[in-house]
Amino acid sequence: MLLGIPKELASGENRVAIIPSDAKKLVRAGAAVQIEAGLGLGSGFSDQEYVDAGATVVADRNAVLSSADVVLRISKPSIEEIKQLKAGCIHVSYLDPFNEHELIKAFRDQQVTAISMEMIPRSTRSQKMDALSSQASLAGYVMVLLATTKLPRILPMMMTPAGTLKPATVFIIGAGVAGLQAIATAKRLGAKVVAFDTRDVVAEQVRSLGGKFLEIDLGETGQTKDGYAVELTEEQRQLQLEGQKKQIAESDIVITTAQVFGRKPPVLVTKDMVAGMKPGSVIVDMAAETGGNVEGSVAGETVEVDGVTIIGNGNWANYVSRDASQMYSSNLFNLVDEGWDKEKQAMVIDFENDILQGCVITHSGEIVNDTIKNLIK
Amino acid sequence: MLLGIPKELASGENRVAIIPSDAKKLVRAGAAVQIEAGLGLGSGFSDQEYVDAGATVVADRNAVLSSADVVLRISKPSIEEIKQLKAGCIHVSYLDPFNEHELIKAFRDQQVTAISMEMIPRSTRSQKMDALSSQASLAGYVMVLLATTKLPRILPMMMTPAGTLKPATVFIIGAGVAGLQAIATAKRLGAKVVAFDTRDVVAEQVRSLGGKFLEIDLGETGQTKDGYAVELTEEQRQLQLEGQKKQIAESDIVITTAQVFGRKPPVLVTKDMVAGMKPGSVIVDMAAETGGNVEGSVAGETVEVDGVTIIGNGNWANYVSRDASQMYSSNLFNLVDEGWDKEKQAMVIDFENDILQGCVITHSGEIVNDTIKNLIK
Amino acid sequence: MGTELLVNLSYVAAAVLFIFGLKMLGSPATARKGNLVSAVGMFIAVVVTLLDQSIIDYKWIAVGIAVGGIIGAVVARSVAMTSMPEMVALFNGFGGIASLLVGWAALYGMDASTFQMITIVLSILIGGITFTGSLIAYGKLSERMPGRPLVFAGQRFFNIALIIAIIACSVLFAMNPDVSLYLYLVIGLSCLLGVMLVIPIGGADMPVVISLLNSYSGLAACAAGFAINNIILIVAGSLVGASGIILTQIMCKAMNRSLSNVLFSGFSAVAGGGGAAKIEGEAKAMSADDAYYVLEAASSVVIVPGYGMAVAQAQHVVKELQEILEKNGAEVVYAIHPVAGRMPGHMNVLLAEADVSYDLLLEMDAVNPRMETFDVAIVIGANDVVNPAAREMEGSPIYGMPVINVDMARNVFVMKRSMASGFAGIDNPLFFKENTRMLFGDAKEMLSNIIKAFS
Amino acid sequence: MGTELLVNLSYVAAAVLFIFGLKMLGSPATARKGNLVSAVGMFIAVVVTLLDQSIIDYKWIAVGIAVGGIIGAVVARSVAMTSMPEMVALFNGFGGIASLLVGWAALYGMDASTFQMITIVLSILIGGITFTGSLIAYGKLSERMPGRPLVFAGQRFFNIALIIAIIACSVLFAMNPDVSLYLYLVIGLSCLLGVMLVIPIGGADMPVVISLLNSYSGLAACAAGFAINNIILIVAGSLVGASGIILTQIMCKAMNRSLSNVLFSGFSAVAGGGGAAKIEGEAKAMSADDAYYVLEAASSVVIVPGYGMAVAQAQHVVKELQEILEKNGAEVVYAIHPVAGRMPGHMNVLLAEADVSYDLLLEMDAVNPRMETFDVAIVIGANDVVNPAAREMEGSPIYGMPVINVDMARNVFVMKRSMASGFAGIDNPLFFKENTRMLFGDAKEMLSNIIKAFS
Amino acid sequence: MEIVFLAFILMLSIFLGFELINKVPATLHTPLMSGSNAISGITLVGALTSAGAEHTQLATILGTAAVAFATINVIGGYMVTDRMLAMFKKKEDA
Amino acid sequence: MEIVFLAFILMLSIFLGFELINKVPATLHTPLMSGSNAISGITLVGALTSAGAEHTQLATILGTAAVAFATINVIGGYMVTDRMLAMFKKKEDA
Ligand SMILES: NC(=O)c1ccc[n+]([C@@H]2O[C@H](COP(=O)([O-])OP(=O)(O)OC[C@H]3O[C@@H](n4cnc5c(N)ncnc54)[C@H](OP(=O)(O)O)[C@@H]3O)[C@@H](O)[C@H]2O)c1
Ligand SMILES: NC(=O)c1ccc[n+]([C@@H]2O[C@H](COP(=O)([O-])OP(=O)(O)OC[C@H]3O[C@@H](n4cnc5c(N)ncnc54)[C@H](OP(=O)(O)O)[C@@H]3O)[C@@H](O)[C@H]2O)c1
Ligand SMILES: NC(=O)c1ccc[n+]([C@@H]2O[C@H](COP(=O)([O-])OP(=O)(O)OC[C@H]3O[C@@H](n4cnc5c(N)ncnc54)[C@H](O)[C@@H]3O)[C@@H](O)[C@H]2O)c1
Ligand SMILES: NC(=O)c1ccc[n+]([C@@H]2O[C@H](COP(=O)([O-])OP(=O)(O)OC[C@H]3O[C@@H](n4cnc5c(N)ncnc54)[C@H](O)[C@@H]3O)[C@@H](O)[C@H]2O)c1
């Protein structure tokens, strides 16, 4: 079975889907691995390292795509690339299936088995394949550090001969995987950390990292069986905005990570809240690229609004591309391993397996994932 | 007595010599405070805040300089500016007196009492005026964070479902004030920290922050009574280079802060050591602007050499300008306060006072500091 | 009367020395001196006894002391360090037989009152049990006898019958002191009882048994003291008897066993039948104090933190316990499961905060293969990540997920507040395992209590 | 004989209850029950005594019990919670006079042997001292008497003379039991001695004195027991006597005083002359155990960390101690000097690592004005930043620098390894202050030891 | 011989007294003192014998006074102790 | 009356025995056991009387045997304990 790994095309993307050490593990499991030349350069892996791991290096991208039985990558492909794939092949990547309907249709029509990394279920057992988590966790770390270098203050308290510097306050909205890591990182640096999330199980988790949880009574809120937040009603959102206002004004750094799975992120920091912050303060909008939690954030950019720096750079994990690659690659390896049939030395889609059942979107010319099927039809 | 505070002219300089709250203290002590309009904008202090503190705001820079009995600022003045000063006035700023001989002569000729912030002695009692320390301490923090955002890895160890990320290693050469703070910051972020310094009292201090001290036997090394390092012999420097080589190659981040008071900093990381580092590694050369500890560092810039990022930006404390201003301002206030005569409501230079004795360079048309006098004559 | 008073006051002094000696023996810094102090007490007691006017002939005394002294000294010097425990057992047995003989001999010196008869019988009885029990313990420890529990069907009934017989004979003898048969029966049967009581106990439990028998030998001496009306025997004997019981208790706790479990587990093995059927028993709770005894004796410990450690913010106390255990000579490592906590690297953040060295953090795969070698696994607020259902129960939602196999360690301490399940919401069979103890309560408090127990 | 045996065996039971009671009184969880247990013991002892055949007439007994019981009950119920200590003093005095009276009465019941005469005299003597000493303590505590030490020139000689006189009279009386004069002299003089011993002691030290007198009243009861040959008096009396001594010791330590300091400091104030000349004394070392007693009793503590805390990496243990003190009901804050450590913010980095709340970190200027209100200031590896020379010694290189004025706290504990100077290389007069104790050793170890001492 | 017994008993009691009291928290110092003070009222037992034995009138008077004083000590002591300890109890519950 | 004394002594000794041993570190379990075992060799004192009193021949024989056994217990016990404890000492010094 031939696994093909093409280069990532998105500009500035330094991550790589499979790193040499995982390529080696795949080869050892009996797979043939073919990579596009120059695959790992962005993260500092040379072609030679892949060759040493037992992979073959091919210069022709089209050859990689059209010959592979399994394609492993990070970003979603273009529709043209899908057309080059072998019928019956397995394609694993982020797909954004809630929005990219044309892409899904193209996979269906091409008879390709498309696996969406976003749709890996969130069970305890599937965590090792969960790239959303692994990348979000790094994002949490990166966002804090980016904010810190923009803030004209230091985070920790210091009592020095030249006076006492008060600790900076960091407010984190949305304490999922990324938010929690952000809390931990800011806390490590000595900041006072306050966080808010609509799911109330999170309060304890925030405290478990030494953060303070901002209590806002929103009435009934919920979470799905996968641990994702349920969208708030408009009324609840207003309550939340009201409750956060003071905290935002008092904070030096605000980091928003609030997402609702499959929907546009809610706006949680409004223009006047931004204006109410101290000059020099910093906001990081994790979701700027998909709409954002912050009014005034610009996707992919760092802008200054009313003396406040708003960071909307996006692709956060890419800042620590080497570690991000290692984790993503490990997620992919575990996924392939989960479907690996030792006898046949091939990856097999077993719909009895709850993990594969969740993340396979198209198979044999059908859209097999119920949620997506309903969306597209 | 009129204290005048002109704007800082150096490009990108956001710090300010006196912040409003210290201006208020000075006014309360009986001084008149005059500032140049727009003084505090870079650090987020409006003119109004100064007015509220009791200062007067003057738009004409020349007026500020020529009328002041005491001039308080950060960077050294130009020779032209010195010429505008009143004879007998006191001028406090960094002066770099070991190198800026012309400047010193200008002060002497203008009959100005020039106080050099670099020359504040390092006694326990004088620490509250010691701006070198206060700014270096912030620099230590900033350098680590800048390095971190350039490194394609995270600093802490993480054992995750997607594999274990090993902790990054940070190597700090020179563990003075800046180095120690860098150790503390890197340690907080979860890195493995190793440090080296030629003064052997430092080993204990490094360990007191949880860092590892790299043992290199250099033979006899020393420190001055002010706690500054004595310059190494060439032979010793070679020993040091040899001893650091392996550690540098193993490190993800190297931060050099090694200085010898009054001399050019020694070269401690050579070209081939840079080349020996892993791709993606980061070096911060604190002293890049005054010659640098790292071969290949460029003053004021971040460059990439052999896949290694070398950060030589300089003016580190300026990154956290608000806190830096607060500390510098507090240092200045304490200095003025030290010389303040309550009866006369004026700052008086008392040569019995060991602190003033150390930092006053010229007075009444004479170079009064012995070291500098010997250098210039 | 003058000598007698002197003798007796010297006995008081000897008793004081014994008390100091025992006290000092309990602490490492003074133990050796304590032994010396108690030896001086013994010396005084023996010497002044020789002054007693009722002693007429020193010949046999000299013979006895010479023989015993030489044997004792030679054996004590030559025995290998590793065989100390069995040597102690042997000495203890000799103490027992001596009490038996003293009690017996007391029959001939006087007209015993009923009370004295009772004490004489007691000293014979306890002395006999101590004697043969110790010999068996010696045999098991020195591997002259098979170490495994020796059991046979009907053993329990046999023992009950034996005890009844002994009581009967004792009563008969006390009422008819002249009938030697009863005496011999009492002697014989109590020796037999000593054997019977010890053979069903496994070799590994012998130290506890010896400690108990040591306590008995104290009681035997005490009984002998009553029999011959000698206060120093009463005082020293009951001191040893009582302190021996406490020591036995401490040793049981250090093995995470109860005394009755030690003494009778052999029987139940028989009673329960041959097969080692898997029993889903009750969860067994444990106090911090008892946990201390086990940890104090442990030489390798693995700590498995989970989300509960984070909730309790117990990381600093964990570090503190680690240091205390290390100082106590134990090896301590941490086993970190990749999904422990609620975010990737959750445990790392906390343990780094507490300045736990990175070198001590082991991945699951590194620690599982050597899990058997750990004396204690301390699970601190973890649940799903140590759930053996992932290994054992095919239907379980986490079946197949690798977990940290703490249940394979010798002892497992689970610190959590209740029997509630973890994130995954599934029950945890670990809590019901034979070698698991539940330390209910907030993890931080529980750990502090254990730390406190380390004196 | 039957009743006597019964009575005496009941005494054994009563003694057992006293023992349990005392033991339980020492721990908060069981103290109240312990008091009850010991009361039951007392009840048994009293009731069975009434069965004693030597008691012929119950009339006077009834009168005595009725009067005493009513007074005792009424007083005990009505006394305000705040005047408990003086009440205890008063009761204690009554116990003392009772022993005196019992000893005295014993003169008339029998032909006393010399040994008994000695014990009678002892019970009168100790009883008398206890009686008047307790009354004075009562007076001082209830402010019916001036609380300050009452001293006069020659007091010491007077006391010595008094003691000699008492010994002389006692000897004379023991040899001539018929000469009542000697008896009255012994009674009178011992009462006088009680007064003389307590008046030079300050009111603040009274609790310790009461505890000591309590121990005495136990000994008096014990002596009375010997006098009238009653074992329960001997046992209970000596139990109280011994445990009272230990308690006195504990209370002294909690006040960071030695017993002799408490008892004789009044004298030395006179001996040393009026002026409070500044004495550059010796540095006084202290053990972790003794520090524990003081900290356990403290209700506000300020911790002053310095470079030594960093060197010892003691931040986690410091936090631990903070929590323990807080749990014990004390307020704990940290005073951070701006130049503490070796880099700006050094202490902050470490304390943040140990997760000490920012709110507890006070700046020097915030803590200095209220320094007097702290029971204990713990200086952990700091030196220059707490050096009072900066305030007091004009020539000093650091003269004029603001420092943390720990010397103004009630007690100062300085943890460092030696008498070495700090960074600035100057001597520290703090170490020689009256209220300073040096806890020599590595800061981390010392702190761990103190933590251990918190049971 | 009796003296030997007494010596043993005295010695053992004193040792036991020393061993019984270990670390006592500061809040318990006063109650403990008061509680053991009540125990030292055991003199009452001696007083009873003196008061009831009718040796001489003086002895009876002394005995009766002793009984009264000792009873105050015992009754008052136990009650005061209990009151103090009851207070702690409440504090802990709160 | 003697029985009362004995009861007191027994009771006090037992309590004292309980109180004396508190927390003992695991390394001291065996030495402590062995050391207190040596104390239980106090039977020797009883044996001496039996062996030397010349009541009957049997008693003498029994007594002599008892002396021998008890002496082994005493001498062996103390010496073995000392050897064990000496070892710890060395370990600590190292
Ligand atoms: N690592 C990740 O990225 C991540 C993210 C999301 C979810 N998860 C899931 O979280 C779970 C992690 O496993 P885990 O073993 O660490 O945690 P867990 O299975 O959730 O168990 C934690 C246990 O800690 C106990 N606990 C809570 N507070 C405590 C306190 N103060 N003191 C003592 N015990 C306390 C709870 O029991 P009591 O209530 O009885 O005290 C609970 O059973 C896995 O199922 C994993 O899939 C992990
Ligand atoms: N904050 C800054 O930026 C900075 C920078 C440079 C210099 N300084 C200077 O450093 C000084 C700071 O004052 P400080 O009071 O913090 O420190 P210090 O005056 O230097 O005193 C520290 C004390 O800690 C003790 N110590 C060292 N290791 C110890 C250990 N393991 N356990 C217990 N004690 C230990 C030492 O006494 P033993 O040897 O007897 O144990 C020493 O006397 C000032 O003089 C300041 O000017 C400060
Ligand atoms: N079972 C597993 O092992 C596993 C694996 C990964 C994640 N999870 C859990 O899934 C949960 C969600 O993970 P995620 O980070 O990917 O979620 P996400 O990226 O979908 O959302 C980020 C966070 O934003 C919050 N949010 C949504 N609307 C908000 C609003 N209006 N205001 C404030 N916050 C808002 C969400 O509650 C969530 O915590 C986490 O609790 C995580 O622990 C579980
Ligand atoms: N008395 C006070 O209160 C006070 C105040 C401030 C600083 N200090 C002390 O002064 C000392 C120096 O402070 P600084 O940071 O301003 O010094 P600096 O900036 O002059 O030098 C930085 C560090 O580089 C080191 N260095 C020099 N040559 C080196 C080489 N070849 N290799 C490695 N390291 C080399 C120096 O030893 C020093 O530690 C510190 O120890 C500090 O504690 C004392």
Side-chain angles (χ1 to χ4, degrees), chain D residues 18 22-23 25-26 31-32 35 38-39 42 45 49 54-57 60-61 64-65 67-69 71-73 75-76 84-85 87-88 91-92 94-95 97-99 101-102 104-105 108-109 211 214 217-218 221 224 228 230 233 235-236 238-240 242-243 246-247 250-251 254 296-297 455, chain E residues 6 9-10 13-14 16-18 20-26 28-37 39-56 58-60 62-82 84-85 89:
Chain D
F18 289 150
L22 266 178
K23 176 124 190 105
L25 268 170
R32 197 168 179 196
N35 191 48
S38 114
M42 184 64 74
T49 306
S54 67
I55 296 182
I56 308 161
D57 184 1
W60 293 111
I61 292 181
I65 288 191
V67 171
I71 297 180
V75 172
M84 287 296 175
M87 225 49 245
V88 175
F91 290 152
N92 194 45
F94 292 159
I97 182 87
S99 292
L101 295 172
V102 169
W104 187 350
Y108 304 105
S211 178
N214 176 31
S217 76
I228 64 171
N230 185 318
L233 260 70
V235 171
S238 47
L239 278 175
V240 171
S243 64
I246 298 290
L247 182 60
I250 290 177
M251 290 170 73
E296 203 275 326
S455 92
Chain E
L6 291 175
I9 288 174
L10 183 65
S13 308
I14 290 176
L16 192 52
F18 279 131
L20 278 178
I21 307 297
N22 265 313
K23 259 176 226 143
V24 183
L28 278 186
H29 287 174
T30 310
L32 177 55
M33 187 161 78
S34 163
S36 66
N37 172 35
I39 296 179
S40 73
I42 189 70
T43 316
L44 176 55
V45 166
L48 291 176
T49 332
S50 306
E54 296 209 322
H55 289 301
T56 68
L58 179 60
T60 308
L62 293 175
T64 307
V67 167
F69 281 121
T71 308
I72 297 181
N73 188 3
V74 168
I75 301 279
Y78 279 116
M79 284 179 63
V80 159
T81 311
D82 193 62
M84 280 191 262
L85 291 170
K89 190 75 183 196

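Naming: A, B, ... by sequence-line order, numbering from 1 per chain. Heavy-atom basis, side chains included; hydrogens, waters and symmetry copies ignored.
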Looking only at heavy atoms and a cut-off of under 4.5 Å, which of [options] has the most pairs with chain E?
{"options": "Ser211(D), Ser99(D), Ala39(D)", "answer": "Ala39(D)"}
{"options": "Val75(D), Val235(D), Leu101(D)", "answer": "Leu101(D)"}
{"options": "Val67(D), Ile71(D), Asn230(D), Asn92(D)", "answer": "Asn92(D)"}

How long is the gap from [atom1] on [X] to [atom2] on [Y], to the nearest 0.5 Å?
{"X": "Asn73(E)", "Y": "Ile97(D)", "atom1": "CG", "atom2": "CD1", "value": "12.0 Å"}
{"X": "Ile21(E)", "Y": "Leu247(D)", "atom1": "CD1", "atom2": "CG", "value": "6.5 Å"}
{"X": "Ile228(D)", "Y": "Thr49(E)", "atom1": "CD1", "atom2": "OG1", "value": "5.0 Å"}
{"X": "Met84(D)", "Y": "Met33(E)", "atom1": "CE", "atom2": "CE", "value": "12.0 Å"}
{"X": "Phe91(D)", "Y": "Asn37(E)", "atom1": "CZ", "atom2": "CG", "value": "8.5 Å"}
{"X": "Ser40(E)", "Y": "Phe18(D)", "atom1": "OG", "atom2": "CZ", "value": "10.0 Å"}

Side-chain donor or acceptor of Tyr78(E) paired with backbone N/O of Ser38(D) under 3.5 Å: yes
Side-chain donor or acceptor of Asn35(D) paired with backbone N/O of Thr81(E) under 3.5 Å: no
CA sep, side-chain torsions, deciding dist, call: Ser36(E), Leu25(D), side chain to side chain contact (heavy atoms under 4.5 Å, CB included): CA-CA 9 Å; Ser36(E) 66; Leu25(D) 268 170; 5.6 Å; no
Worked check of side chain to side chain contact (heavy atoms under 4.5 Å, CB included) between Leu239(D) and Ile39(E): CA-CA 9 Å; Leu239(D) 278 175; Ile39(E) 296 179; over 6 Å; no
If you count heavy-atom pairs within less than 4.5 Å of chain D, which of [options] leads?
{"options": "Ala70(E), Ser34(E), Gly46(E)", "result": "Gly46(E)"}
{"options": "Ile9(E), Thr30(E), Asp82(E)", "result": "Asp82(E)"}
{"options": "Val80(E), Asn22(E), Thr64(E), Ile42(E)", "result": "Ile42(E)"}

Below 4.5 Å from any heavy atom of chain E, which atoms of [X] appear? Answer side chain, backbone, both or neither.
{"X": "Ala254(D)", "value": "side chain"}
{"X": "Met251(D)", "value": "both"}
{"X": "Ile61(D)", "value": "both"}
{"X": "Val240(D)", "value": "side chain"}

Pairing residues for Ile75(E) by the side chain to side chain contact (heavy atoms under 4.5 Å, CB included) criterion, not counting sequence neighbours: Ala73(D), Thr71(E), Met79(E)
Non-neighbouring partners of Ser238(D) that pass side chain to side chain contact (heavy atoms under 4.5 Å, CB included), sequence neighbours left out: Cys222(D), Leu10(E), Ser13(E), Ile14(E)
Pair Leu48(E)-Ile65(D), side chain to side chain contact (heavy atoms under 4.5 Å, CB included): steps then yes or no: CA-CA 9 Å; Leu48(E) 291 176; Ile65(D) 288 191; 4.1 Å; yes
Side chain, backbone, both or neither of Val45(E) within contact of chain D (heavy atoms, under 4.5 Å): both
